[in-house]
S.K.: 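My questions all concern the structure below.
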Amino acid sequence: MHYDPDTGLWLVSRYDDVRRVLLDPTLFRPDNALRAVTPLPVAALRILARAGFTLPPALANNGTPSHPGLRRVVTRFFNAERVAAAIPVIQRVAEDLLDAVRSEIDATGRCELFSSFAQVLPCRVLMELLGIRGVTQATLICWSDASLELSPTRSGCARIGRTSVTTSHSASAVIAARARPWRAQKRPWPCE
């Protein structure tokens with residue numbers, strides 16, 4: 001374990017230490033797991049506040065009594081059986097992306113692997129598994145990047161705020177639209 005006095009955070013990296021932390025939520029609370037090391041500046045916070053944007057506790061940063069219920073919901077969709085069933089989709093999408101990477105290398109002699117493969121793969125897989133339509137891959141990647149940006153620059157603060165607000169409203173609309181047919185027909189989700 002390593003303590004960083006600049007951030008006040010501990011880095012836990014050995015398997016046994018990580019396991020101990022994850023299995024003892026009383027001693028090791030997850031509440032700051034998603035907190036930015038560099039806090040958002042006031043300009044970005046004002047944009048978020050004006051829009052009424054708040055980030056509810058997620059599974060990774062939730063030490064409240066709602067954690068077990070949220071964990072049950074997530075486990076329903078991402079248990080070992082469903083992950084195993086998703087392997088063919090993951091392989092197909094990875095192969096498609098790698099074919100495009102090969103074509104780019106053949107045509108130009110180079111390829112940016114992050115933006116051509118690593119960044120796109122989880123997005124495409126989740127879009128297919130969850131049946132997300134009506135939102136472009138680029139938009140989902142933008143939302144993801146904005147939500148994970150932990151070290152904003154001054155010039156990027158307003159963009160982070162605007163993107164977060166747009167993400168919140170748009171994601172809510174996509175989720176509601178996606179859920180309506182299944183709720184109305186009392187059908188299981190596609191990945192069930």
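Throughout, residue positions are numbered sequentially from 1 according to the sequence presented.
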S.K.: Could you list who else is in Val83's hydrophobic cluster, with ILVMFWY side chains joined at under 4.5 Å, directly or through other members?
M.R.: none

S.K.: Do the side chains of Leu11 and Asp4 get nearer than 4.5 Å, heavy atoms only?
M.R.: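 No; the side chains remain at least 4.5 Å from each other.
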
S.K.: Can you give me the closest heavy-atom contact between Cys123 and Leu140, atom names plus distance?
M.R.: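 The answer is SG-CB, 3.8 Å.
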
S.K.: My understanding is that only residues two or more places apart in sequence, or in another chain, count here; which of them pass side chain to side chain donor-acceptor pair (under 3.5 Å) with Thr136?
M.R.: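 Side chain to side chain donor-acceptor pair (under 3.5 Å) list for Thr136, sorted by chain: Thr139.
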
S.K.: Give the intermediate values and the outcome of side chain to side chain contact (heavy atoms under 4.5 Å, CB included) for residues Leu97 and Leu121.
M.R.: CA-CA 8 Å; Leu97 293 172; Leu121 179 64; 3.9 Å; yes

S.K.: Tell me whether Val18 shares a hydrophobic cluster with Leu23, the cluster being built from Ile, Leu, Val, Met, Phe, Trp, Tyr side chains joined at under 4.5 Å.
M.R.: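 Hydrophobic grouping puts Val18 apart from Leu23.
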
S.K.: Tell me every residue that passes ring pair (Phe, Tyr, Trp, His ring centres under 6.0 Å) with Tyr3, counting only those two or more places apart in sequence or in another chain.
M.R.: Trp10

S.K.: Taking only residues two or more places apart in sequence or in another chain, which ones pass side chain to side chain donor-acceptor pair (under 3.5 Å) with Gln119?
M.R.: Asp145

S.K.: Arg102: what forms a salt bridge (Lys or Arg N to Asp or Glu O under 4.0 Å) with it, not counting sequence neighbours?
M.R.: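 Arg102 satisfies salt bridge (Lys or Arg N to Asp or Glu O under 4.0 Å) with Asp99 once adjacent residues are dropped.
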
S.K.: With sequence neighbours excluded, give me every side chain to side chain donor-acceptor pair (under 3.5 Å) pair touching residues 65-74.
M.R.: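 The answer is Asn62-Ser66, Thr64-Ser66.
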
S.K.: Would you please name every residue forming a side chain to side chain contact (heavy atoms under 4.5 Å, CB included) with Ala86, sequence neighbours left out?
M.R.: Ile90, Leu129

S.K.: Please list all pairs meeting salt bridge (Lys or Arg N to Asp or Glu O under 4.0 Å) that have one or both residues in residues 118-132, counting only residues at least two apart or in different chains.
M.R.: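 Counting only pairs at least two positions apart or across chains, the salt bridge (Lys or Arg N to Asp or Glu O under 4.0 Å) contacts touching residues 118-132 are Arg92-Glu128, Asp96-Arg124.
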
S.K.: Are Leu70 and Leu22 connected in the hydrophobic side-chain network, where two residues link if heavy atoms are under 4.5 Å apart?
M.R.: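 Shared cluster, no.
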
S.K.: List the residues meeting side chain to side chain contact (heavy atoms under 4.5 Å, CB included) with Asp24, not counting sequence neighbours, and say none if there are none.
M.R.: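 Partners of Asp24 by the side chain to side chain contact (heavy atoms under 4.5 Å, CB included) criterion, ordered by chain and then number, come out as Thr26, Leu27, Phe28.
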
S.K.: Restricting to salt bridge (Lys or Arg N to Asp or Glu O under 4.0 Å), what partner residues turn up for Arg14, sequence neighbours left out?
M.R.: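 In terms of salt bridge (Lys or Arg N to Asp or Glu O under 4.0 Å), with neighbours along the sequence ignored, Arg14 is linked to Asp17.
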
S.K.: List the atom pairs, with distances to 0.1 Å, where a side-chain N or O of residues 110-117 and a protein N or O form a donor-acceptor pair under 3.5 Å, not counting sequence neighbours.
M.R.:
unit_1 : atom_1 : unit_2 : atom_2 : d
Glu112 : OE1    : Phe114 : N      : 2.8
Glu112 : OE1    : Ser115 : N      : 3.0
Ser116 : OG     : Glu112 : O      : 2.9

S.K.: In the single-linkage hydrophobic clustering (I, L, V, M, F, W, Y; side-chain heavy atoms under 4.5 Å), do Val21 and Met1 co-cluster?
M.R.: yes

